[in-house]
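Heads up: the structure comes next, in structure tokens.
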Amino acid sequence: MNISEKTINNYTIVSLQGILNASSAPKLKTYIAGMPDEQSLVIDLENVEFLDSSGLGALVGIARKKKTSSAIMKLARMNERVKKVFEITQAYTLFDIYDDVSAAAEA
Amino acid sequence: MNISEKTINNYTIVSLQGILNASSAPKLKTYIAGMPDEQSLVIDLENVEFLDSSGLGALVGIARKKKTSSAIMKLARMNERVKKVFEITQAYTLFDIYDDVSAAAEA
Amino acid sequence: MNPIITLTLQANLRYARIASILACNIAEIFADCTCNSADIAEFCHAYELSVSEAFTNSVRYAKPSQPEKQVTIRFSSDDSALAVSIIDTNPQFNPVTKAPDISSYPEGGYGLFLIHRLMDTVSYTREDDTNILTMTKQATMTHGT
Amino acid sequence: MNPIITLTLQANLRYARIASILACNIAEIFADCTCNSADIAEFCHAYELSVSEAFTNSVRYAKPSQPEKQVTIRFSSDDSALAVSIIDTNPQFNPVTKAPDISSYPEGGYGLFLIHRLMDTVSYTREDDTNILTMTKQATMTHGT
Ligand SMILES: Nc1ncnc2c1ncn2[C@@H]1O[C@H](COP(=O)(O)OP(=O)(O)O)[C@@H](O)[C@H]1O
Ligand SMILES: Nc1ncnc2c1ncn2[C@@H]1O[C@H](COP(=O)(O)OP(=O)(O)O)[C@@H](O)[C@H]1O
């Protein structure tokens, strides 16, 4: 998995590319842990080909930390396969989910 | 593998679709054995996704029989992967090979 | 059911993706013969995801005393279904079906629940010192080309 | 070389295609990490074809006394190559490298020759009652994404 970032408004846009599973999730957690807890995030999932429950768990863990710090965490551009994991587990109820990165960073 | 046929001029055009390997080659041999030995053929390989040496062997065996019966056997529309097998083994030297089925059936 | 193919991999998370892609590929080969093409992508994704979950568990919950541990993935089929068994020598476990309480933001506990929801049947047996988790999905679709 | 994955299949020609597709898939997974994308298709086709040839031979030349026979396909890799070994319990054989005399229209005898031409190195060993044919191709290409 590759991780890249840019800034829009007050949001750090973190774009993930590749596979988000048990083998790559620690990389995401470490990456996010390197930022201030109060930094609000949009995680751009457009190029995530595959996500399993370890990937989901990493995102939920980040969301919990952001909530504790009163920061905002949003998700953008899930494909159908990723969406399916969020739907079965009802994890979509924990996130604001957008079809568009700039809409996410404006709202 | 699926086999279908049609007639152009004096040629029976035999079109193969799918995989031509050790598991499917007997089907081709049986199919051709059901025709008169003197029948000239164009084998259309456009939809052959994969051919290995068992598939090649079946085609060479048919070519030998046709030669013995003074019938003509031509090959048409090989893709690059199929061509590679004919090149490495030099089996291309045994066949008239065309890019086009109707050109094969006219020449 | 007729066993078709067995994969054996080292119990290492770096192979989770290979296991999961190959499960998807095998499901696709199977589905090619028995499924309507419209349903194939979903059928394959169910195997890709379920094997990712089960293989990851087999690696994660391995006894520390087994450094050279391997995980076996066995595929069997009949005319109407594809079964995949994940076989390891970990401690016995309870193959829970319960959804985790999402409102508490859990970081784990989703794997077996997802498998139960993606597959038609999930069975667990403990044989000697071995866990066998077998996941089956019907391919009710018509016979293709 | 580090063994990555072992496939075990029944010695039946109907599984030749599965063996060969999975070899192609595994080559692709491997190549994704180490190859320039331009060369991947050729790299994968070499494994697809070589495994088709070797698996077919393992089935064809099985002793008739082994009805429940299986063929094992083992993949190993290091940073610069992928090796695949086809392992069977057939009689010992000579892994010829000679081209068949094409002018005599031979129906067979192409398999091992093709393998030698498709792969960088081919080695054969007889261990106990087992044939191990190992085929290796270098992936000299650069590290991809
Ligand atoms: N292959 C396995 N070997 C040993 N224990 C397992 C295995 N699979 C699952 N378990 C047990 O079942 C529990 C639930 O697994 P799962 O639903 O995948 O969630 P998680 O792995 O995130 O806890 C695990 O915490 C573990 O105790
Ligand atoms: N796995 C094997 N087990 C036993 N004998 C084999 C095996 N592979 C090859 N051989 C022997 O080597 C010969 C040459 O094989 P090959 O080049 O593939 O051509 P073909 O199979 O068409 O004869 C075979 O005829 C067979 O005698």
Side-chain angles (χ1 to χ4, degrees), chain A residues 1-2 16-30 32-33 37 41 43 48-75 78-97, chain C residues 9-25 27 38-62 71 86 96-119 122:
Chain A
M1 187 186 54
N2 290 321
L16 308 182
Q17 195 215 330
I19 304 302
L20 191 47
N21 65 2
S23 160
S24 61
K27 181 173 173 180
L28 176 62
K29 289 191 219 174
T30 306
I32 300 293
D37 283 351
L41 298 178
I43 312 266
V48 172
E49 292 158 46
F50 178 75
L51 170 137
D52 70 6
S53 78
S54 302
L56 175 69
L59 293 171
V60 171
I62 295 165
R64 189 179 49 209
K65 274 199 206 144
K66 292 298 169 189
K67 200 171 166 240
T68 311
S69 315
S70 301
I72 298 173
M73 172 172 173
K74 296 173 175 179
L75 300 177
M78 289 184 180
N79 66 37
E80 289 306 312
R81 290 153 54 92
V82 170
K83 213 172 268 174
K84 189 165 191 171
V85 176
F86 278 78
E87 278 170 5
I88 294 177
T89 57
Q90 310 235 313
Y92 67 89
T93 60
L94 306 180
F95 296 91
D96 280 334
I97 300 171
Chain C
L9 288 132
Q10 281 173 57
N12 186 316
L13 286 183
R14 63 191 290 224
Y15 299 129
R17 189 60 192 147
I18 293 188
S20 139
I21 293 180
L22 292 179
C24 178
N25 295 143
D39 299 306
I40 291 181
E42 203 188 332
F43 186 75
C44 295
H45 184 234
Y47 286 90
E48 186 179 359
L49 198 45
S50 298
V51 168
S52 189
E53 300 300 340
F55 181 87
T56 297
N57 282 348
S58 289
V59 176
R60 248 193 209 138
Y61 304 113
V71 178
I86 310 284
V96 283
T97 61
K98 238 183 50 190
D101 171 19
I102 196 73
S103 64
S104 66
Y105 288 73
E107 284 197 52
Y110 302 102
L112 287 166
F113 172 67
L114 264 177
I115 290 172
H116 281 283
R117 290 290 303 272
L118 291 164
M119 290 288 169
V122 180

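So that the names make sense, note that chain A is the first sequence line, chain B the second, and so on, each numbered from 1.
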Begin with the C-alpha distance, continue with both residues' side-chain angles, and end with the deciding distance and a verdict on side-chain contact (heavy atoms from CB on, under 4.5 Å) for A/F50 and C/I21. CA-CA 10 Å; A/F50 178 75; C/I21 293 180; over 6 Å; no
Intermediate values then yes/no, salt bridge (Lys or Arg N to Asp or Glu O under 4.0 Å), C/E107 and A/K29: CA-CA 12 Å; C/E107 284 197 52; A/K29 289 191 219 174; 3.7 Å; yes
Could you walk me through whether A/N21 and C/T56 pass the side-chain contact (heavy atoms from CB on, under 4.5 Å) check? CA-CA 9 Å; A/N21 65 2; C/T56 297; 5.9 Å; no
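Residues C/R60 and A/S54 bring a donor and an acceptor atom of their side chains to less than 3.5 Å of each other.
Note that CG of A/L56 is 7.5 Å distant from CG of C/L114, once rounded to the nearest 0.5 Å. Rounded to the nearest 0.5 Å, atoms CZ (C/R117) and CD1 (A/I88) are 5.5 Å apart. The structure places CG of A/L94 at 8.0 Å from OG of C/S103, a figure rounded to the nearest 0.5 Å.
Contact check for C/Y110 versus A/V85: no side-chain heavy atoms found under the 4.5 Å cut-off. The side-chain heavy atoms of A/S53 and C/F113, taken from C-beta on, include no pair separated by under 4.5 Å.
Contact count versus chain C (heavy atoms, under 4.5 Å) is highest, among A/I62, A/V60, A/T93, for A/V60. Contact tally against chain A (heavy-atom pairs below 4.5 Å) for C/L118, C/L13, C/I102: the top residue is C/I102. Among A/Q90, A/K84, A/R81, the residue with the largest count of heavy-atom pairs under 4.5 Å with chain C is A/R81.
In this structure, the portions of A/T89 lying under 4.5 Å from any heavy atom of chain C include both its backbone and its side chain. For C/S104, the part lying near chain A is the backbone, with the side chain staying farther off; criterion is any non-hydrogen pair under 4.5 Å.
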